[in-house]
2 protein chains.
Amino acid sequence: MTVTRADVARYAGVSPAVVSYVVNDGPRPVAAATAAKVREAIEVLGYRPNTTAQALRRGSSRLIGHVVPDLSNPLWAQFALAVDDVAAQRGYDVLLASTDGGAEAEHRRIDTLAARGVDALILTSVLARPDLVDHTRPGVPLVLLNTFFEVPGLPSLGVDAFGGARTGTAHLLAHGHGPVGLVIGGEAGELREQGWRAAARDAGVAAGPIARGEFSRHGGLEAGSRLLGGPDRPRSVFVSSDLQAVGVLRAAAELGLRVPQDLAVVSFDGTVETEFTNPQLTTVRQPVAAMARAAVARVLDPGTGEERQVLPAELVVRASCGC
Amino acid sequence: MTVTRADVARYAGVSPAVVSYVVNDGPRPVAAATAAKVREAIEVLGYRPNTTAQALRRGSSRLIGHVVPDLSNPLWAQFALAVDDVAAQRGYDVLLASTDGGAEAEHRRIDTLAARGVDALILTSVLARPDLVDHTRPGVPLVLLNTFFEVPGLPSLGVDAFGGARTGTAHLLAHGHGPVGLVIGGEAGELREQGWRAAARDAGVAAGPIARGEFSRHGGLEAGSRLLGGPDRPRSVFVSSDLQAVGVLRAAAELGLRVPQDLAVVSFDGTVETEFTNPQLTTVRQPVAAMARAAVARVLDPGTGEERQVLPAELVVRASCGC
DNA sequence: CTGAAAGCGCTTACAG
DNA sequence: CTGAAAGCGCTTACAG
């Protein structure tokens, strides 16, 4: 059997309450000598408080629920890791739920996390659908991590996607290769697309062709093949995620195009793998650690201000843009 | 406030016990009419049993603790995902702990997971050090997932690293480029190294040069640069992980070596990203899903036989070997 | 400074 | 078929 507080009390010759006072350093004072006896008993017996019992009694699990679409996407993995780090620093464990990206699975996971009594919920999701509110718990603070836009009624936090895309595209345009193509996932007209368009407008250059594909390596490969396989292929392309950019590099290779000589590429996200692609990717980096820190603070520190928090993206220049 | 069993009982006009009988479908029978009333009350009030209270009472959390070295390594992320999937199918949630790869952090995480009352522990780790046993919990079944060798006193499960490395190296040797180099992490003399050596012996060819480096893209880059930068560089190389192989590809690119023309490469692990490297990597794939399934079964189904279970690796032929 | 007792929300023997 | 009661391991007012 595992050792309980009662065992410690018996061994130390004190009441169970005193054991709690020592373990929690309060709320009642304990004589130094008594405390020493208790600590020795704890040491000898190897006592660890039962977190489940504490959670039930305190009404707090010291657990944060974190929902991500798909852990096999390095970006989500990076978010998971960052949230875990920050949470650990504050004495919280993270209950992570990967959902395959479906809204229904996501809702189900939110429900089970809530039933687990998590103290807070972080949703790193692309799906900020309105029916999400139905799965919200009154007592459980929640934040959407990594949304690009304001979500009515829900606190959210994300990178400046418009600015990031504009910067990335502008950098490409500055190389003077003319119109910049776009490989992008998600719904038409989202912020990265707007940023890409704005950069063209700023430069007085026509917007390049668009190819849409899933947010995956495969999606990037397909969209890239379409974009680059046609007659009027652009000399440069902005890609809405690193994962897709990896697919675009593959598409370029299959078509015999050299990057950056025949095709300049800038991607979005800034995950580690971009440092090791061939060539290394110039990318617009999301400040993942800062975002995770902000998200955890948002959800753990009550009344942390505004509903929507935007963090800046940063251009990381490497080889794929032809600099 | 969240709704409790007592609320449901009051609403349905029955005793709290009956609510439990309905929710758990036992252990006492309930009249159909009564059950219907209870179910309606549950529906109307939106009742969900408090998992924490259930855990405390049952002495079982329906939680599996899973320790991985580093979630930013796609292989570990894939294991995390696979374990999560299998566990979910069996009604378990997974408490995931990423450890930065250090033994001390790993032990600490094991302790906190145990304090959380996990029903079982899966350690996906490279560190099967003897002092691990000290952090084992008597009542908590445990399995080491992804160890290559037998660990005395601890049930473990892993791929046939020796066979996999031998197969991968043999495939390279069959191309007739002479001695095959090795880029490898971990301790000298481990099973992949032995397999690589055995393949050379089988073929009657001398073993090629070895370069050691961390199990990371960076480690592969450094080791690869050393191996390929010297005067007597091998024409082909076996790499002990995909991550390192990505680094080796980068090293080759920096040295102006074409893969596979100047250098043939085979790696180990078979994560998704190998399909999108440039060129696509020929790799020895670990059966991650099957391993996760076996690990969960090992730890949830009591008395599932042997202490050590080995699963076969499979060669996936793509472009980097020059086929 | 220390201890006896209530109660967190459940499950489940036990009695009716 | 239904209910009153004990108890899982804690925290924390309350009393001494």
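These numbers come from the heavy atoms of this one structure, side chains and all, not from hydrogens, waters or symmetry mates.
The residues B:Arg62 and B:Asp93 are annotated as not salt-bridged, no charged nitrogen and carboxylate oxygen being separated by less than 4.0 angstrom.
For the pair B:Lys37 NZ and D:dG3 C1', the interatomic distance rounds to 13 Å; values are reported in whole Å. Taking atom CG of A:Leu56 as the reference point, atom C1' of C:dA6 lies 13 Å away to the nearest angstrom. Per the geometry, CZ belonging to B:Arg62 stands 22 Å off P belonging to D:dC8, to the nearest Å. Rounded to an integer number of Å, the gap from A:Asn50 CG to D:dC8 P is 12 Å.
Pairs engaging residues 45-54 of chain A under the side-chain hydrogen bond (donor to acceptor under 3.5 Å, both in side chains) rule: none recorded [sequence neighbours left out].
Base pairing of D:dC1 is made with C:dG16, judged by Watson-Crick or G-U wobble geometry with both donor-acceptor distances under 3.5 Å.
B:Arg298 contributes atom CZ, which lies 10.0 Å from atom CG of B:Leu142 (distance to the nearest 0.5 angstrom).
Comparing B:Gly13 and A:Val23 by the nucleotide of DNA chain D that holds the closest heavy atom to each, the one mapping nearer the 5' end is B:Gly13.
Among the nucleotides C:dC10, D:dT2, C:dC1, the one closest to the side chain of B:Tyr47 is C:dC10.
No engagement by A:Thr52 is indicated, since no non-hydrogen atom pair under 4.0 Å with the nucleic acid exists.
Between A:Ser15 and C:dA4 there is no side-chain N or O to OP1 or OP2 distance below 4.0 Å.
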What donor-acceptor contacts under 3.5 angstrom involve side-chain atoms of residues 63-74 of chain A, with partners at least two apart or in another chain?
from: A:His66; atom 1: NE2; to: A:Thr124; atom 2: OG1; distance (Å): 2.7
from: A:Asp70; atom 1: OD1; to: A:Ser72; atom 2: N; distance (Å): 2.9
from: A:Asp70; atom 1: OD1; to: A:Ser72; atom 2: OG; distance (Å): 2.9
from: A:Asp70; atom 1: OD2; to: A:Ser72; atom 2: OG; distance (Å): 3.0
from: A:Asn73; atom 1: OD1; to: A:Leu75; atom 2: N; distance (Å): 2.8

Protein N or O to nucleotides 12-16 of chain D N or O, pairs below 3.5 Å:
from: D:dA13; atom 1: N6; to: A:Tyr21; atom 2: OH; distance (Å): 2.6

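Under 3.5 Å, the side chains of A:Arg308 and A:Thr147 contain a donor-acceptor pair of N or O atoms.
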Check the pair A:Ser60 / A:Asp119 against side-chain hydrogen bond (donor to acceptor under 3.5 Å, both in side chains), numbers first and verdict last.
CA-CA 6 Å; A:Ser60 153; A:Asp119 289 349; 2.7 Å; yes
